[in-house]
Amino acid sequence: MYKTFYIKDVLQCREGSEVELIGWVRSKRRHGKLIFIDLRDSTGVMQVAVKQGIADESSFVKALEVGLESAIKVRGVVKRDPRAPEGVELHCNRLEILSESLDDFPIRKGVGLKFLLDNRHLHLRSPKVTTIMKIRANLMDIARRWLKENGFIEVNCPTFITAAVEGGATLFKVDYFGRVAYLTQSVQFYQEAAIYSLEKVYSLQPSFRAELSRTRRHLTEFWHLEVEMAYAELNDIMKVIEELIYAIVNGLSRESEKELRDLGRVVKPEIAEPPYPKIRYSEALDILQQKGVNISWGDDFGADEERILSKEFEKPFFVTHYPRETKAFYHMPDPGNPSVCLNADLLAPGGYGEIVGGGQRIHDYNLLVERIKENGLNVEDYKWYVDLRRYGSVPHSGFGLGIERMLWWLLQLPHIRSACLFPRTPTRVYP
RNA sequence: GCCGCCGUAGCUCAGUCUGGUAGAGCAGCGGGCUGUUAACCCGUUGGUCGGUGGUUCAAAUCCACCCGGCGGCGCCA
């Protein structure tokens, strides 16, 4: 390991101390006998001033000729200067090229969306993508910490599956040694099996949806934080969702404060402080009808409806008790009104829409079998899942949270794909 | 799957309606500049106009089909 000193460490150095930095040439401005190099590493950007007469002559020539994104090593003196971007710059004495760029770096100012996506492997080097990825890592870390502190055990579930959670139309089919298998779209069923030993579980792994969804909130591969909890009813799981979301927002506002500021975002814990408003489907319907939306009981909310609703709230809010026809078979019907189910969707405010979907599951064997048949599905396909209800079945609830959607909302990103390193959409599986 | 938009120089786009032999900015290259930070100034190279077929004396421009991409809907996290 020959790099132990980073750009962020320069900020701790006393003015006048001589340091050596390794990084990449992000940009360069030539002024004859003075050259500015913006040197980039994982911790930040440092302006390096290379002056003829101060730097040795061969270093000056190298600075003159070095291409963008070349890896270089510079030795110089730390100077405070209000004209430097971070208030600190390096006055170069010696510059060494570690690895020259073979061509002009393709990512420049003014390039378009398609070009950036086609060159995502290089676009990653931009400060904005770097910053988003740091926040993403913190988000996952904070979520894991909170779940662990609250007694949830992390489980890892299979990616290859045989039966769908939702139905079948949205699965990616793969050849499994001559048998048909699919890529998982949710690990919920496996977690429901796991609660009988671990009681409170979660997993953080990708889910796959083979939907030709062309919107700014859909990916074909996304990271899914799923939680399942034994002995939990609808209200219990909503409380977990609230507290988890709050922990994430609160944590990020502290631990990613600099990154959020760099993105121009102010994330205050108050925007996600529990309790969240909870409205039933029927109440949501009233709001929509008052707004003049032509919708009647039994219709599911579309994107337009979600957007209108979510503009009514300042905080994330739950919509519960959907008509059972609009939800998957495993949702628990409300014992007080079996035409609706005990589900809870969490919608982000400001038009961002659904970021969490969940609720209470059916734990009764006969009811589950009946609901599978009602949905025109084959009980045989769900044999092991139904089997769970035959041995000490208990009430339980869970939910799934889309990591990229959460970032999309918190960072107000233009598109959910900005929240991942190499986004996968119906038209993009490369690079 | 449905609806809409786009494809012209390495990149971002104008030119398409009203057909007449290809234009700008940036990048590159050459030169200049000791305080820039999307640096700037002068000069300059660069194009089978996404593909195929059709209409026409003549097609980047009009027509048909195809390919690729973007956005919206449905579906969802």
Side-chain angles (χ1 to χ4, degrees), chain A residues 26-39 45-55 60 64 67-68 79 81-87 89 91 103-119 126-127 164-171 185-188 204-227 241 299-307 326-328 345-348 352-358 398-409 414-417 419 425-428 430:
Chain A
R26 165 147 193 79
S27 63
K28 201 170 86 169
R29 295 168 294 282
R30 293 168 43 174
H31 296 263
K33 291 174 184 160
L34 168 66
I35 302 164
F36 292 110
I37 290 174
D38 289 341
L39 191 73
V45 178
M46 174 66 47
Q47 175 164 285
V48 179
V50 188
K51 292 185 184 179
Q52 196 169 32
I54 292 176
F60 184 79
L64 206 59
L68 299 189
K79 293 269 185 195
D81 193 314
R83 294 168 297 186
E86 303 286 330
E89 64 181 18
H91 284 208
D103 276 302
D104 298 323
F105 195 66
I107 309 294
R108 296 193 187 91
K109 64 192 174 190
V111 295
L113 178 63
K114 182 184 189 306
F115 190 83
L116 289 176
L117 290 168
D118 287 340
N119 292 280
S126 75
V165 171
E166 303 293 345
T170 64
L171 291 162
Q185 57 179 192
S186 167
V187 299
Q188 178 193 324
L204 187 46
Q205 61 186 79
S207 283
F208 304 88
R209 303 276 164 97
E211 288 166 337
L212 288 167
S213 304
R214 308 198 37 82
T215 78
R216 62 185 67 187
R217 61 187 184 284
H218 283 92
L219 296 165
T220 52
E221 177 177 0
F222 67 95
W223 276 69
H224 211 171
L225 174 61
E226 292 181 86
V227 173
I241 295 170
D299 296 339
D300 202 355
F301 300 139
D304 289 342
E305 287 79 21
E306 267 193 11
R307 205 169 295 123
T326 65
K327 290 286 171 187
D345 287 359
L346 186 76
L347 277 67
Y352 284 88
E354 186 172 355
I355 53 174
V356 174
F399 65 89
L401 178 155
I403 296 295
E404 290 85 2
R405 283 204 180 167
M406 181 89 183
L407 284 163
W408 180 56
W409 163 53
H415 196 295
I416 191 173
R417 68 186 158 216
T425 64
T427 54
R428 292 202 176 270
Y430 175 95

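Below, chains carry the letters A, B, ... as their sequence lines are ordered, and counting in each starts from 1. Values below: every heavy atom of this structure, side chains too, minus hydrogens, waters and symmetry copies.
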task: Kindly say if A:His415 contacts the phosphate of B:rG71, meaning a side-chain N or O under 4.0 Å from OP1 or OP2.
output: yes
message: Please classify the nucleic acid contact of A:Arg30 as base, sugar-phosphate, or nothing, using heavy-atom distances under 4.0 Å.
response: base
task: Report yes if a side-chain nitrogen or oxygen of A:Ser213 is closer than 4.0 Å to either non-bridging phosphate oxygen (OP1 or OP2) of B:rC73; otherwise report no.
output: no
message: Considering every strand and a 4.0 Å limit on heavy-atom distances, what is the contact class for A:Ile416: base, sugar-phosphate, or nothing?
response: base
- request: Between B:rC76, B:rC70, B:rC11, spot the one nearest the side chain of A:Leu117, thanks.
  value: B:rC70
field: Side-chain donor/acceptor of A:Arg214 to base of B:rC75, under 3.5 Å
entry: no
task: Find out whether A:Thr425 and A:Leu219 are in side-chain contact, i.e. whether some heavy atom of one side chain is under 4.5 Å from a heavy atom of the other.
output: yes
message: Please give me the minimum heavy-atom distance between A:Leu34 and A:Ala49, naming the atom from each residue.
response: CD1-CB, 4.3 Å
- request: For B:rG46 and B:rG23, measure between their P atoms and round to the nearest Å.
  value: 13 Å
message: Work out how far the C1' atom of B:rG19 is from that of B:rU61, and round it to whole angstrom.
response: 6 Å
task: Measure from CD on A:Glu354 to P on B:rG74 and round the result to the nearest Å.
output: 13 Å
field: Whole-angstrom distance between B:rA60 and B:rG50, as gauged at atom C1'
entry: 12 Å
task: Could you tell me which nucleotide pairs with B:rC62 by Watson-Crick or G-U wobble geometry, both distances under 3.5 Å, or answer none if nothing does?
output: B:rG54
message: Taking any heavy-atom pair under 4.0 Å as a contact, classify A:Arg216: base, sugar-phosphate, or nothing.
response: sugar-phosphate
query: If you look at every strand shown and take non-hydrogen atoms under 4.0 Å, does A:Glu226 touch a base, only sugar-phosphate, or nothing?
result: nothing
query: Touch check for A:Phe115, heavy atoms < 4.0 angstrom, all strands: base, sugar-phosphate only, or nothing?
result: sugar-phosphate
- prompt: Taking atom C1' in both B:rC49 and B:rA24, what distance in whole Å separates the two?
  reply: 16 Å
message: Contact between A:Asp38 and A:Gln47 at the side-chain level, heavy atoms closer than 4.5 Å - yes or no?
response: yes
Show me the side-chain donor-acceptor pairs of residues 402-409 of chain A shorter than 3.5 Å, one per line, residues at least two apart or across chains.
residue  : atom : partner  : partner atom : Å
A:Glu404 : OE1  : A:Trp223 : N            : 3.0
A:Glu404 : OE2  : A:Arg136 : NH1          : 3.1
A:Glu404 : OE2  : A:Arg136 : NH2          : 3.3
A:Glu404 : OE2  : A:Trp223 : N            : 3.2
A:Arg405 : NE   : A:Arg217 : O            : 3.0
A:Arg405 : NH1  : A:Glu354 : O            : 3.1
A:Arg405 : NH2  : A:Arg217 : O            : 3.0
A:Trp408 : NE1  : A:Leu413 : O            : 3.1

message: I'd like the P distance from B:rC26 over to B:rU37, given in whole Å.
response: 15 Å
Write down the protein N/O and nucleotide N/O pairs, taken from nucleotides 34-36 of chain B, whose separation is under 3.5 Å; answer none if there are no such pairs.
residue : atom : partner : partner atom : Å
B:rU34  : OP2  : A:His31 : O            : 3.3
B:rU34  : OP2  : A:Lys33 : N            : 3.2
B:rG35  : O2'  : A:Arg83 : NH1          : 3.0
B:rG35  : O6   : A:Lys51 : NZ           : 2.6
B:rG35  : N1   : A:Glu89 : OE2          : 2.8
B:rG35  : N2   : A:Gln47 : NE2          : 3.4
B:rG35  : N2   : A:Glu89 : OE1          : 2.6
B:rG35  : N2   : A:Glu89 : OE2          : 3.2
B:rU36  : O4'  : A:His31 : NE2          : 3.4
B:rU36  : O2'  : A:Arg29 : NE           : 3.4
B:rU36  : O2   : A:Arg29 : NE           : 2.5
B:rU36  : O2   : A:Arg29 : NH2          : 3.1
B:rU36  : N3   : A:Gln47 : OE1          : 2.8
B:rU36  : N3   : A:Gln47 : NE2          : 3.0
B:rU36  : O4   : A:Gln47 : NE2          : 2.7
B:rU36  : O4   : A:Arg83 : O            : 2.6

- request: Under 4.0 Å between any heavy atoms, over every strand shown, what does A:Leu212 touch: base, sugar-phosphate, or nothing? Just pick one.
  value: base
- prompt: What is the nucleic acid contact for A:Ile403, judged by heavy atoms within less than 4.0 Å: base, sugar-phosphate only, or nothing?
  reply: nothing
message: Using atom C1' in both nucleotides, what's the gap between B:rU16 and B:rC5 to the nearest angstrom?
response: 15 Å
query: Does atom CZ of A:Arg30 have more than 12 heavy-atom neighbours from other groups under 6.0 Å away?
result: no
message: Considering every strand and a 4.0 Å limit on heavy-atom distances, what is the contact class for A:Arg417: base, sugar-phosphate, or nothing?
response: sugar-phosphate
message: Using the P atom as the point on both nucleotides, what is the distance between B:rA39 and B:rG35, in whole Å?
response: 16 Å
- prompt: What does B:rG71 pair with, Watson-Crick or G-U, if both distances are under 3.5 Å?
  reply: B:rC3
